[in-house]
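The structure that follows is given in the form of structure tokens.
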2 protein chains.
Amino acid sequence: MSQPNLDRRLEHLTTTAKEAGVKLTHQRLEIFREIVLSAEHPDAETIFRAVQKRVPTVSLDTVYRTLWKLHDLGLVTTLGPQRDRVRFDANLDPHHHYICVQCGLVRDFESSELDGLRLPEAVSQLGTIMNAHVEVRGLCSRCQQRLPTQTPNSNQQSQSVP
Amino acid sequence: MSQPNLDRRLEHLTTTAKEAGVKLTHQRLEIFREIVLSAEHPDAETIFRAVQKRVPTVSLDTVYRTLWKLHDLGLVTTLGPQRDRVRFDANLDPHHHYICVQCGLVRDFESSELDGLRLPEAVSQLGTIMNAHVEVRGLCSRCQQRLPTQTPNSNQQSQSVP
DNA sequence: TCCTACTTGCGTATGATACGCAACAAGGAA
DNA sequence: TTCCTTGTTGCGTATCATACGCAAGTAGGA
Ligand SMILES: [Mn+2]
Ligand SMILES: [Mn+2]
Ligand SMILES: [Zn+2]
Ligand SMILES: [Zn+2]
């Protein structure tokens, strides 16, 4: 995350919050900054633990409420690659995801070719199109080393990999 | 779901189960059939209620255990479009998803152009690639009628729409 | 038909997320 | 800067999806 990018997103937060009559509290700033600065697409619990270091009094509940508020404001998106925790993304630029089915690692990747993909007619008849992106699933290199041989999908659990 | 397609998938289930030393119980057959026959990508609870009509003694727990077993066998895939319930898909052919951010409706769509998309170099350096598909998000036509004006993402809750 | 490993149903546990309420603070007005 | 109003927070607790242990049950090969 480059400095100008961070600044741009923080400014977008400020603008959007003001327009919506939403107050910019210390905890909200820190929670948003945490998502922006992380490439991990963290879940609520992970964000909570990180923010807690700088704001020792935050509650997990505030993290949840803030995340869904940011989501409602269109400032973060969610992704649910597998069971349990929902994970959040503050990268609003067009991009795509690589997801490890073993450990839950999520990484952005860019591709102008993929950004411009043409969707078939049938799709627009289902409803409006707000966003389209590619989701790639596989075993991340770290997980390949850890578990050389194994059945297809067994023992999948998500976890944030810092 | 066409008859030959159903047959093909049931046969795949039989073969795979035998190979894995997994027993083909009545409840497993019905649970699998339910996912295959539905276009809704149902969640565990929805599958449970449907199967219960034919097998009144099934337990919700058996549905959960069966779903993850089918998943481990590679017979169904999961998708988590938003908060709460994980949803299951028995369509193993290459295809893509349209997801309504309002009601959670999920619909398959096909596109040979999208099936063959080329991923950038960077992706293969993250790990192996098991699957790649396009995920489109928007407001389904039914939800557009229901809620003419509203803030971007407010009030999102998933639900199976039969 | 018999055996036995794999399954099931049930009761209960776990873990993520949500809600009600009173204390609190952001930020516009004066 | 001080004062108000209104949106926010932290906490305790509620909910709800999903998982687990165990004893009874059954698929399916011998
Ligand atoms: Mn992302
Ligand atoms: Mn599908
Ligand atoms: Zn991994
Ligand atoms: Zn909808």
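Within every chain, numbering begins at 1; the chains are lettered A, B, ... in the order of the sequence lines, protein sequences first and strands thereafter. Fair warning: this is a prediction, and the values are worked out from it, not measured in the lab.
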Starting at atom NE2 of A:His26, determine the distance to atom C1' of D:dG10, rounded to an integer number of angstrom.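 In whole Å, D:dG10 C1' and A:His26 NE2 are 16 Å from each other.
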According to the interplanar angle, ranging from 0 to 90°, do the rings of B:His41 and B:His95 count as parallel (below 30°), tilted (30 to 60°) or perpendicular (above 60°)? tilted
Distance test, side-chain N/O of A:Trp68 to OP1/OP2 of C:dA18, below 4.0 Å: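 Yes.
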Taking the side chain of A:Arg28 as heavy atoms from C-beta outward, which of D:dT26, D:dT8, C:dC10 is closest to it?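 The listed nucleotide nearest to A:Arg28's side chain is D:dT8.
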Report yes if the side chains of B:Leu67 and B:Lys69 come closer than 4.5 Å at any heavy-atom pair, otherwise no. no
Do A:Glu135 and A:Arg137 sit within salt-bridge range, that is, some charged N less than 4.0 Å from a carboxylate O? yes
When you measure from the side chain of B:Tyr64, which nucleotide among C:dA25, C:dG9, D:dA19 comes out closest?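 Looking only at side-chain atoms, B:Tyr64 lies closest to D:dA19.
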Can you label the angle between the A:Phe88 ring and the A:Trp68 ring as parallel, tilted or perpendicular, going by 30° and 60°?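 Aromatic pair A:Phe88/A:Trp68 classed perpendicular.
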Is the phosphate of C:dC6 approached by B:Thr25 (side-chain N or O, under 4.0 Å from OP1 or OP2)?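 Indeed not, no polar side-chain atom of B:Thr25 lies that close.
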Output the rounded distance in Å from CG (B:Leu13) to C1' (D:dA27). 14 Å
Could you state the atom-to-atom distance from CD1 of A:Ile31 to C1' of D:dT8 in whole Å? 11 Å
Gap between atoms NZ and C1', on A:Lys69 and C:dT17 respectively (whole Å):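 Roughly 17 Å, once rounded to whole Å.
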Can you check the A:Arg87 CZ to C:dA16 P distance for me, whole Å?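 It is 14 Å, rounded to the nearest whole Å.
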A:Leu60 CG to C:dA16 P, straight-line distance once rounded to whole Å: 9 Å
Ranking B:Lys18 and B:Asp61 by the position along DNA chain D of their nearest nucleotide, the one closer to 5' is B:Asp61
Walk me through it: do B:Glu40 and B:Arg87 pass the test salt bridge (Lys or Arg N to Asp or Glu O under 4.0 Å)? CA-CA 9 Å; B:Glu40 308 298 336; B:Arg87 293 169 66 168; 5.4 Å; no
For a quick check of understanding: with a heavy-atom distance under 4.0 Å over all strands, which category does A:Gln27 fall into, base, sugar-phosphate or nothing?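 Sugar-phosphate contact only.
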So which one's nearest nucleotide on DNA chain C is more toward 5', B:Ser59 or B:Lys23? B:Lys23
Protein-nucleotide distance (B:Phe48, atom CZ; C:dC10, atom P), rounded to Å: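 For the pair B:Phe48 CZ and C:dC10 P, the rounded distance is 9 Å.
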Selected nucleotide, minimal atom distance to B:Val22 side chain, candidates C:dG27, D:dT8, C:dT7: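 Side chain of B:Val22 sits closest to C:dT7.
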C:dG9 base to B:Arg65 side chain: any donor-acceptor pair below 3.5 Å? yes
For D:dT9, does either OP1 or OP2 sit under 4.0 Å from a side-chain N or O belonging to A:Thr57?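 No, A:Thr57 has no side-chain N/O under 4.0 Å of OP1/OP2 on D:dT9.
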Without decimals, in angstroms, what is the distance between B:Glu30 CD and C:dT8 C1'? 16 Å
Between A:Thr62 and D:dG10, does any side-chain N or O lie under 4.0 Å from OP1 or OP2?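 Yes, because at least one side-chain N or O of A:Thr62 sits under 4.0 Å from OP1 or OP2 of D:dG10.
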Selection from D:dT8, D:dT18, C:dT17 that lies nearest to any side-chain heavy atom of A:Val86: C:dT17
